[in-house]
Amino acid sequence: MIKRKFTYILCLASIALVFVQCKKKKDDPTPETPFDKAGMLANIGENVIIPAYADLKVSVDSLQYFSNLFVAAPSLTDLSNLQIWFLKAYSSFQWVSAFEFGPAESELIRANFNIFPCDTLQINSKIAAGDYNLSTAADLDAKGFPAIDFLLYGSTQNNNAVLAKFTTDANAANTKTYLTALVNELKSKTDIVNTAWSLSGGNYISTFKSSTGSSVGSPIGMLVNQLNYDLELLKNPEIGIPLGKKSLGTPLPDKVQAFYSTKSLTLAMEHLKSIENIYLGRSISNVDGLGLDDYIIHLKAQHPSGPLNDVIKNKFTAAKAKLAAVPETLSQSIISNPTVVDQAYLELQQLVVLLKTDMTSAMGVLITYQDNDGD
Amino acid sequence: MGKIKRYLTDQVHIAPLAMFRVIFGMMMLGGVIRFIARGWVYELYVMPKYYFSYYGFEWVKPLGEAGMYTVFIVMGLAALFIMLGLFYRLAAIAFFILFTYVELIDKVNYLNHYYFISLVSFLLILVPADRFFSLDVVRNPSLRVTHIPRWMIGLFRVQLGVVYFYAGLAKLNYDWLFRAMPLKTWLAANSDFPIIGAYFDYEWVAYLFSWFGAFYDLTIPFFLLMNRTRKVAYLFVVIFHVMTAALFPIGMFPYIMILATLVFFPESFHISLIDKIRNLGRNKTIFQDQVQNFFSSHWFNKIIIPFLILFFVVQLASPFRYLLYPGKLFWTEQGYRFSWRVMLMEKAGTAFFYVRDPETGRQCEVMSSDYLTRQQEKMMSTQPDMILQFAHFIESEYKKKGIKDPEVRVESYVTLNGSGSRLYIDKTVDLTKEKENFLPKKWILPFAENQLSKK
């Protein structure tokens with residue numbers, strides 16, 4: 001009787017043994033070592049994410065400094081200095097846009113900083129009414145970088161006309177206060193997120209490095225999901241929607257990012273490069289550490305046209321080339337040269353497939369924001 | 001034949017069935033509370049703008065926020081009443097109808113274990129599970145029985161056995177056995193698992209888990225049935241399900257199975273379990289049960305026995321319906337659902353939908369996320385019938401926008417068990433002209449091992 005009981009255990013144990021034997025016989029020439037996920041997260045956290053926030057902080061600090069100078073005594077010189085730092089800060093933002101989890105998620109950075117196109121009617125009426133409250137959901141269209149873009153460049157792109165808004169215009173005083181409110185919000189939220197990540201502050205970096213699982217809500221899960229979401233932001237709102245992808249081919253050139261400063265292409269390129277750097281685990285100073293690419297290589301992930309990592313890297317290169325081939329400005333090219341823009345768009349679309357489908361599937365990461373049961 | 005009939009209708013103690021009822025009610029109550037607490041009622045049945053209905057069940061619609069919460073609260077109460085054995089028959093009917101209704105709203109939420117719960121709650125309607133250890137008996141002592149025909153307990157053992165055995169059969173495929181996929185991917189993703197996680201990166205571990213899983217599923221019902229092996233087998237049930245619970249996001253299912261499989265234990269086990277529960281907190285001697293047999297009426301047997309045979313024959317046969325379709329089952333998913341194919345593939349996809357106005361030749365891309373939740377988008381991308389449904393939905397949306405006869409095409413890429421993404425649906429086909437039915441979907445591109453990705 002006891003013997004019979006053990007037959008079942010024996011059956012199971014023997015299967016185990018067979019495999020241990022198989023493994024030994026195979027005599028793998030290159031013994032597999034587990035991938036250093038903690039090392040990858042540490043590298044991405046310490047050398048990619050934190051420096052990107054530090055860079056954004058420097059830019060936003062300068063933006064605030066020059067904004068204060070300008071507001072105190074508006075002049076053409078200060079305006080152009082302010083514009084330089086605005087573009088620098090907007091560009092720095094492209095490098096943190098993907099990290100909408102943890103501290104950035106609680107501050108809703110993407111929504112607060114970069115909903116475009118901004119609602120110019122709403123901005124003007126808020127200025128006229130002296131309403132500087134930016135905290136409600138209804139204000140999202142009237143603030144962040146797109147709103148500053150509108151205030152600092154205007155629809156004429158004539159700095160004298162812009163200056164007049166801050167000097168001779170009937171609402172000049174209100175406009176200055178509104179600009180200050182916009183900049184101050186960028187500054188305070190940037191500081192909060194920056195501090196939250198830092199070792200000496202909220203130390204979110206430790207949380208980020210500490211867990212190497214891939215489930216929903218794990219650092220890898222959040223990083224990969226947000227990376228994909230961000231790439232789709234680049235593909236759709238920054239390029240596709242203005243190109244008319246959603247509007248039966250009717251171009252919507254005024255829906256581009258940074259419409260008033262006309263720096264849409266520069267920003268899109270920065271955005272694409274930042275996504276590539278996250279994938280590669282490459283720091284802002286171009287030091288290539290452990291990244292998602294190394295993980296994909298370790299997993300030996302394949303694609304019908306070759307090793308997945310090679311395919312993804314080539315697609316980044318192709319997408320950058322096609323984006324670089326679009327003549328300035330994006331709004332004009334959408335009208336006069338839509339085919340070239342469309343080619344860049346299609347490369348981004350292919351990149352979405354590779355990152356969202358191939359990469360995440362190879363890594364066993366669920367593309368989802370809600371936790372739910374599966375089977 | 002007469003022997004079998006006698007075996008099935010022999011009177012056995014009701015305790016295993018009563019305990020099964022208590023366990024099922026308790027797990028369902030917990031499940032409903034968990035579902036509400038996690039906000040899933042809202043996320044899955046209120047928030048979506050569109051629902052993927054089942055073929056033939058397009059008339060099943062959600063009831064709005066207040067309606068859906070009411071449904072879940074009543075469902076929870078029904079589960080509680082099942083557990084307590086109070087107004088049992090009514091509670092079982094209510095639970096079955098409400099649960100099945102909810103599951104029929106949106107295919108996106110299809111899970112084998114939800115299907116399992118629908119079936120079990122249906123079977124519970126047919127048996128007098130409240131005639132012992134229940135409030136119904138307290139209410140009306142004349143209802144009390146101690147013995148019932150054996151088949152009334154056997155039903156649930158067979159139902160559980162079918163789930164396991166078919167889940168095992170489904171694992172007997174090339175990818176599972178000889179590529180250790182998808183476990184290789186899933187285990188590697190779990191290398192932070194305590195203690196043994198460090199081994200999850202090794203291929204042989206994935207093979208070990210795959211083969212063990214297949215062996216376990218195929219044999220466990222038989223080992224649970226046999227007196228000699230039952231205890232050891234149950235130990236493996238616990239280990240197996242605790243492992244899967246820790247590794248995969250499969251919610252309550254492992255715990256339901258751990259407790260439900262107790263129905264395989266003999267009546268003595270359940271009688272002493274019930275006695276222990278009864279004596280909790282009081283000092284009573286175990287009272288002797290007066291034997292009270294339950295005989296179902298002749299007409300009930302006349303109807304129910306052939307019906308149950310049909311019920312199980314359909315269940316045993318339908319997982320094989322995929323053989324009627326061409327192509328690779330995991331790729332086309334024609335005949336995939338309702339077949340106990342559990343955790344078998346790592347499949348992901350991205351789908352871009354295009355609408356074209358044939359009158360002007362103008363085309364645009366549809367942002368699926370404008371209409372679907374992230375979860376819906378994900379599930380739809382890899383399942384052709386849902387891609388077709390969504391295409392038809394887009395057609396109606398664009399008709400509303402003033403396009404007389406919109407054409408809808410999809411460019412979709414899917415990767416299956418690490419195959420790498422490849423074109424999934426024929427992107428030249430106007431899906432508005434394709435109808436949903438049980439015929440093979442010719443517009444699904446074949447899964448070619450070496451198919452090069454098309455631009």
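Lettering of chains follows the sequences in order, A, B, ..., and the numbering in each one begins at 1. All values derive from a computational prediction rather than experimental measurement.
Counting heavy-atom pairs closer than 4.5 Å to chain B, the top-ranked of the candidates Ala38(A), Gly249(A), Ser214(A), Ser361(A) is Ser361(A). Chosen from Glu232(A), Lys246(A), Gln302(A), Met363(A), the residue pairing most often with chain B at heavy-atom distances under 4.5 Å is Lys246(A).
Open room surrounds OH on Tyr199(B); 12 or fewer heavy atoms of other groups in view lie less than 6.0 Å from it. The 12-atom threshold is not exceeded at NZ of Lys255(A), counting heavy atoms of other residues, nucleotides or ligands nearer than 6.0 Å. Atom NZ of Lys320(A) sits in a crowded spot, with more than 12 heavy atoms from other residues, nucleotides or ligands closer than 6.0 Å.
With a 4.5 Å cut-off on non-hydrogen atoms, Tyr354(B) touches chain A through its side chain but not through its backbone. Interface residue Ser419(B): only backbone heavy atoms are found under 4.5 Å from chain A. Of the two parts of Glu346(B), the backbone and the side chain both hold a non-hydrogen atom closer than 4.5 Å to a non-hydrogen atom of chain A. Residue Asp370(B) touches chain A through its side chain alone, counting heavy-atom pairs closer than 4.5 Å. Contacts between Ile403(B) and chain A at a heavy-atom distance below 4.5 Å involve the side chain alone, from C-beta outward. For Ala198(B), the part sitting under 4.5 Å from any heavy atom of chain A is the backbone (N, CA, C, O) and nothing else. Looking at Ala362(A), only its backbone comes within 4.5 Å of chain B, counting heavy atoms on both sides. In this structure, chain A has a heavy atom under 4.5 Å from the side chain of Phe352(B), while its backbone stays farther away.
Taking every heavy atom of both residues into account, Tyr202(B) and Pro34(A) meet most closely at OH-CD, 4.3 Å. Nearest heavy-atom pair, Asn225(A) versus Arg374(B), reported as atom, atom and distance to 0.1 Å: O-NH2, 4.5 Å. Taking every heavy atom of both residues into account, Lys37(A) and Asn190(B) meet most closely at NZ-N, 4.2 Å. Here the shortest heavy-atom pairing between Leu248(A) and Cys364(B) reads N-CB, 3.1 Å. What you find for Ala188(B) and Leu299(A) is that their closest heavy atoms are CB-CD2, 4.1 Å.
Tested against Tyr413(B) for a side-chain contact (heavy atoms from CB on, under 4.5 Å), the candidates Lys356(A), Gln350(A), Gln349(A) yield a single pass: Gln350(A).
Between Lys235(A) and Glu365(B), at least one side-chain N (NZ, or NE/NH1/NH2) sits under 4.0 Å from a carboxylate O, which counts as a salt bridge.
Using modelled atom types, one side-chain atom of Asp201(B) and one backbone atom of Phe35(A) make a donor-acceptor pair closer than 3.5 Å. Under a 3.5 Å cut-off, the side chain of Thr357(A) and the backbone N or O of Thr350(B) do form a donor-acceptor pair.
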